[in-house]
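Heavy-atom basis, side chains included; hydrogens, waters and symmetry copies ignored. Not measured: the values here are computed from a predicted model. Throughout, a chain's letter reflects where its sequence line sits, starting with A, and its residues are numbered from 1.
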Number of protein chains: 2
Amino acid sequence: MPTRSGSELDPKLMDALVQTSFSVIARLSQAAAAHDLSLTQLRMLAILRDHQPKMAELATYLGLDRSSVSGLIDRAAKRGLVQRTSSGDDGRSFRVSLTADGRRLAPALTAEIAELIAPLTRSLTIAERQRLGDLLIRMLR
Amino acid sequence: MPTRSGSELDPKLMDALVQTSFSVIARLSQAAAAHDLSLTQLRMLAILRDHQPKMAELATYLGLDRSSVSGLIDRAAKRGLVQRTSSGDDGRSFRVSLTADGRRLAPALTAEIAELIAPLTRSLTIAERQRLGDLLIRMLR
DNA sequence: TATTGTTATACTCTATAACTATA
DNA sequence: TATAGTTATAGAGTATAACAATA
């Protein structure tokens, strides 16, 4: 039986997770900034690539207040990246979706992010990268 | 000879790194927010635990403009967590250091962070956590 | 002249509270 | 009454530009 003992966390693992995370997030921010986007805008675009949420749903996805998302969408809409489209039945609500411009941006961003994150893994062998990916995926499950 | 081929990054590894990082950073933010601190304030306190930098050095550590750090230190000083102390030789510069209150905060924060991050690793066995830590440390080196 | 740090200004992000329109 | 979204307001965080003091 495998050992999955309780709540203790090896300080070395904690430090490694924290350092890795700061490094990854910094690279994401860098990719976003290259397109004059904030990290939040980047997350929003990633969500809208696969969903057309209502404002309240988007707020939940992002972990933000609805009022914060209003401004977020305002600014992104002013830049022509997203749009509010009528929701049909409920006259109070809208759906948010990417414009053609917004949709065009997504793959470029993904490619840039990959290029910025790839160097982080350069000191690992292919086999080690495979193992790392497996462990992280199992951890997130 | 181990294979460390070029710039390609497995999308699965990239996603796993990104998701893990968002999860870790969210937990760090949560620990910080529990003490009315931002993520930046948390990073600043972590740096000051081991250094007494000048303003410009602190700005470099944090990757921020000096003007941004001025406000950061102002707010932290108003809360009694940090202080500006004369640098001795150079009349233009100061050193920033933790106050007694600030120093008291650090271990509490570390413990809370560990408690928030530990559950993330719960689905891995002890051996897997060990391997994950090793891989991350090698990656960061 | 160059450097250190601050200040003035402007913008994004965020939350709380109050509001409008619809249900 | 309750819900969806916006607006008003306030504060943190950030950068650029201009500044004072020191080197």
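Contact annotation: Q41(B) side-chain N/O to dG13(D) OP1/OP2 distance is under 4.0 Å.
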Tabulated below should be each protein N or O lying under 3.5 Å from an N or O of nucleotides 14-16 of chain D; please produce it.
{"residue": "dT14(D)", "atom": "OP1", "partner": "T40(B)", "partner atom": "OG1", "Å": "3.1"}
{"residue": "dA15(D)", "atom": "OP2", "partner": "D65(B)", "partner atom": "N", "Å": "2.9"}
{"residue": "dA15(D)", "atom": "OP2", "partner": "S68(B)", "partner atom": "OG", "Å": "2.7"}
{"residue": "dA15(D)", "atom": "N7", "partner": "S68(B)", "partner atom": "OG", "Å": "3.4"}
{"residue": "dT16(D)", "atom": "O4", "partner": "S67(B)", "partner atom": "OG", "Å": "2.8"}

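Partners of R131(A) by side chain to side chain contact (heavy atoms under 4.5 Å, CB included), not counting sequence neighbours, listed by chain and number: E128(A), R131(B), L135(B). Residues satisfying the side chain to side chain contact (heavy atoms under 4.5 Å, CB included) test with D15(A), not counting sequence neighbours, are none. In terms of the side chain to side chain contact (heavy atoms under 4.5 Å, CB included) criterion, residue partners of S21(A) (sequence neighbours excluded) are, by chain and number, S21(B), V24(B), I25(B). Looking at residues two or more places apart in sequence or on another chain, you find a side chain to side chain contact (heavy atoms under 4.5 Å, CB included) between R43(A) and L62(A), F22(B).
A ring pair (Phe, Tyr, Trp, His ring centres under 6.0 Å) check over residues 37-80 of chain B, counting only residues at least two apart or in different chains, returns the pairs H51(B)-Y61(B). The list of salt bridge (Lys or Arg N to Asp or Glu O under 4.0 Å) pairs with a residue in residues 78-98 of chain B, not counting sequence neighbours, reads E57(B)-R95(B), D74(B)-R84(B), D90(B)-R92(B). Identified under the side-chain hydrogen bond (donor to acceptor under 3.5 Å, both in side chains) test for residues 98-113 of chain A, with sequence neighbours left out: H35(A)-E112(A), R49(A)-T110(A), D101(A)-R104(A). Annotation: ring pair (Phe, Tyr, Trp, His ring centres under 6.0 Å) contacts involving residues 71-95 of chain B, sequence neighbours excluded, are absent.
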Quick one: side chains of residues 65-72 of chain A, donor-acceptor pairs under 3.5 Å with protein atoms, not counting sequence neighbours, listed by atom name and distance.
{"residue": "D65(A)", "atom": "OD2", "partner": "S67(A)", "partner atom": "N", "Å": "2.9"}
{"residue": "D65(A)", "atom": "OD2", "partner": "S67(A)", "partner atom": "OG", "Å": "2.7"}

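Residues S93(B) and S38(A) each lie close to DNA chain C; by heavy-atom proximity, the contact nearer the 5' end of the strand is made by S93(B).
Contacts of D89(A) with the nucleic acid, taken as non-hydrogen atoms under 4.0 Å apart, involve only primed sugar atoms and P, OP1 or OP2.
For the atom pair L132(B) CG and D134(A) CG, the distance stands at 11.5 Å (nearest 0.5 Å).
The distance between atom CZ of R79(B) and atom P of dG11(D), rounded to the nearest whole Å, is 15 Å.
Across residues 53-60 of chain B, K54(B), M55(B), A56(B) each have a non-hydrogen atom less than 4.0 Å from an atom of DNA chain C (numbered order).
Nucleotides of DNA chain C that come within less than 4.0 Å of any heavy atom of chain A span, from the 5' end to the 3' end, dT12(C) to dA23(C).
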